[in-house]
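Below is one structure; the comments refer to it alone.
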Amino acid sequence: MKIAIMSDSHDSIPNLRKAIEISLKEDVKKIFHCGDLISPFMVPVLGEFNKEIHLILGNNPGDIFLLIQKLSNYPNIKFHGESAFLEINGYKICMVHYPKIAYAFAKTGEYDFIFCGHTHKYEIKEIGKTLVINPGEILGKEGPPTFVILDLKTKEHKKIAF
């Protein structure tokens with residue numbers, strides 16, 4: 001199953017919309033957004049994916065009350081708060097915003113994949129059996145917007161820059 005990992009969209013409607021477009025063309029089944037979506041007005045844009053989405057907060061949470069209200073109109077978006085611990089197709093997945101926390105969780109050996117963000121820099125590393133993925137940023141402030149498409153079964157991953 002192909003999934004998309006993205007983070008740090010920071011209210012960039014055009015870039016988030018482009019990432020969703022690419023994800024749909026690539027036949028991605030789920031999106032994992034690792035935080036800093038920020039404003040509630042981003043929820044309908046994220047919801048354009050129309051498939052399962054997992055969302056956590058980052059260090060720029062925006063108006064959480066209004067965010068939760070908006071999310072009630074999008075049952076395909078699963079909001080997990082600060083972090084998420086999931087089992088998808090038999091794979092254990094952890095989502096956190098901060099890479100240092102991701103590395104600590106990876107060292108436990110409990111997860112197949114850990115997704116994070118925050119630094120706005122693309123980075124993939126293996127820690128033991130765990131693949132830690134920081135997809136970079138959708139915002140495009142530090143360079144071109146980037147995200148990752150991952151095949152859960154094969155662990156093949158592709159950096160998407162636009």
Side-chain angles (χ1 to χ4, degrees), residues 1-10 12-37 42 45-58 74-162:
M1 173 193 323
K2 286 201 298 190
I3 64 166
I5 302 112
M6 48 188 75
S7 190
D8 297 279
S9 44
H10 288 271
S12 177
I13 289 172
N15 290 352
L16 182 58
R17 190 164 274 140
K18 179 76 173 169
I20 289 167
E21 244 175 60
I22 294 167
S23 296
L24 289 167
K25 284 181 188 164
E26 292 277 339
D27 197 30
V28 162
K29 302 299 184 204
K30 300 177 192 299
I31 288 178
F32 294 79
H33 192 294
C34 301
D36 284 355
L37 182 70
M42 293 294 284
V45 180
L46 187 61
E48 289 173 11
F49 183 64
N50 281 330
K51 297 180 190 176
E52 190 172 305
I53 301 166
H54 294 275
L55 172 67
I56 61 170
L57 295 171
Y74 295 89
N76 60 314
I77 303 175
K78 314 295 183 208
F79 176 62
H80 300 280
E82 296 284 333
S83 56
F85 303 92
L86 308 162
E87 190 162 323
I88 309 275
N89 287 11
Y91 297 102
K92 290 188 174 184
I93 298 172
C94 171
M95 283 175 62
V96 294
H97 188 62
Y98 301 101
K100 287 185 178 182
I101 295 172
Y103 304 150
F105 276 122
K107 288 177 184 172
T108 69
E110 292 180 37
Y111 302 95
D112 299 296
F113 303 99
I114 300 180
F115 308 143
C116 61
H118 186 61
T119 62
H120 295 227
K121 293 183 173 104
Y122 169 84
E123 180 182 52
I124 296 184
K125 55 168 66 172
E126 277 194 77
I127 299 175
K129 72 168 190 122
T130 305
L131 189 63
V132 180
I133 298 176
N134 184 334
E137 60 171 354
I138 293 297
L139 176 61
K141 179 179 163 258
E142 304 294 325
T146 61
F147 70 101
V148 170
I149 294 179
L150 168 71
D151 184 309
L152 287 175
K153 187 174 182 183
T154 65
K155 285 192 171 185
E156 281 186 44
H157 45 82
K158 177 168 57 166
K159 177 183 180 182
I160 307 292
F162 57 94

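Quick caveat: nothing in here was measured; it's all calculated off a predicted structure.
Contact annotation: the side chain of V148 approaches that of Y122 to within less than 4.5 Å [non-hydrogen atoms, C-beta and beyond]. A heavy-atom distance below 4.5 Å is found between the side chains of M6 and L16. Within the 4.5 Å cutoff, no side-chain heavy atoms of I53 are placed close to those of Y74. Side-chain contact between F49 and V28 is present, with at least one heavy-atom pair separated by less than 4.5 Å.
Within the cation-pi definition used here (under 6.0 Å to the ring centroid, within 45° of the axis), K125 qualifies as a partner of Y103. Judged by a 6.0 Å distance limit and a 45° cone about the ring axis, K155 is positioned over the six-membered ring of F113.
The main-chain N or O of P135 is found under 3.5 Å from a side-chain atom of T146 such that the two form a donor-acceptor pair. Proximity of a side-chain donor or acceptor of E137 to a complementary backbone N or O of E142 within less than 3.5 Å is detected. Not one N or O on the side chain of H97 forms a donor-acceptor pair closer than 3.5 Å with the backbone of C116. With hydrogens and angles ignored, the 3.5 Å screen pairs no side-chain donor or acceptor of D8 with any backbone N or O of D36.
Closest approach of H54 and E52 over heavy atoms only: NE2-OE2, 2.6 Å. Between D112 and Y91 the shortest heavy-atom distance is OD2-CA, 3.3 Å. The nearest pair of heavy atoms linking P144 to F162 is CB-O, 3.5 Å. S12 and L139 make their closest contact through CB-CD1, 4.1 Å (heavy atoms, listed as atom of the first residue, atom of the second, distance). Heavy atoms only, all atoms of each residue included: V96 and C94 are closest at CG1-SG, 3.9 Å. Residues E110 and K92 come closest through the heavy atom pair O-CD, 3.2 Å.
In this structure, S9 OG and L46 CG are separated by 7.5 Å, a value rounded to the nearest 0.5 Å. Between N76 atom CG and E48 atom CD the span is 11.0 Å, to the nearest 0.5 Å. Rounding to the nearest 0.5 angstrom, the gap separating the CD1 atom in I133 from the CZ atom in F32 is 10.5 Å. In this structure, NE2 in H157 is found 4.0 Å from CD1 in I124, a value given to the nearest 0.5 Å. Atom OG of residue S7 and atom CG of residue L37 lie 10.0 Å apart, to the nearest 0.5 angstrom. For the atom pair NZ of K129 and OH of Y111, the computed distance is 10.5 Å after rounding to the nearest 0.5 Å.
Atom NZ of K2 sits in a crowded spot, with more than 12 heavy atoms from other residues, nucleotides or ligands closer than 6.0 Å.
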**OP:** Quick one: do F147 and I22 satisfy side chain to side chain contact (heavy atoms under 4.5 Å, CB included)? Show the steps, please.
**Re:** CA-CA 10 Å; F147 70 101; I22 294 167; 3.8 Å; yes

Subject >> side chain to side chain contact (heavy atoms under 4.5 Å, CB included) between I127 and I114, worked out >> reply: CA-CA 10 Å; I127 299 175; I114 300 180; over 6 Å; no

Original post:
Please walk me through it: do L86 and K78 pass side chain to side chain contact (heavy atoms under 4.5 Å, CB included)?
Top reply: CA-CA 11 Å; L86 308 162; K78 314 295 183 208; over 6 Å; no

Original post:
What do the steps show when you test I31 against K51 for side chain to side chain contact (heavy atoms under 4.5 Å, CB included), and what is the final call?
Top reply: CA-CA 8 Å; I31 288 178; K51 297 180 190 176; over 6 Å; no

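With respect to H10, the ring pair (Phe, Tyr, Trp, His ring centres under 6.0 Å) criterion is satisfied by exactly one of H120, H118, H33: H120.
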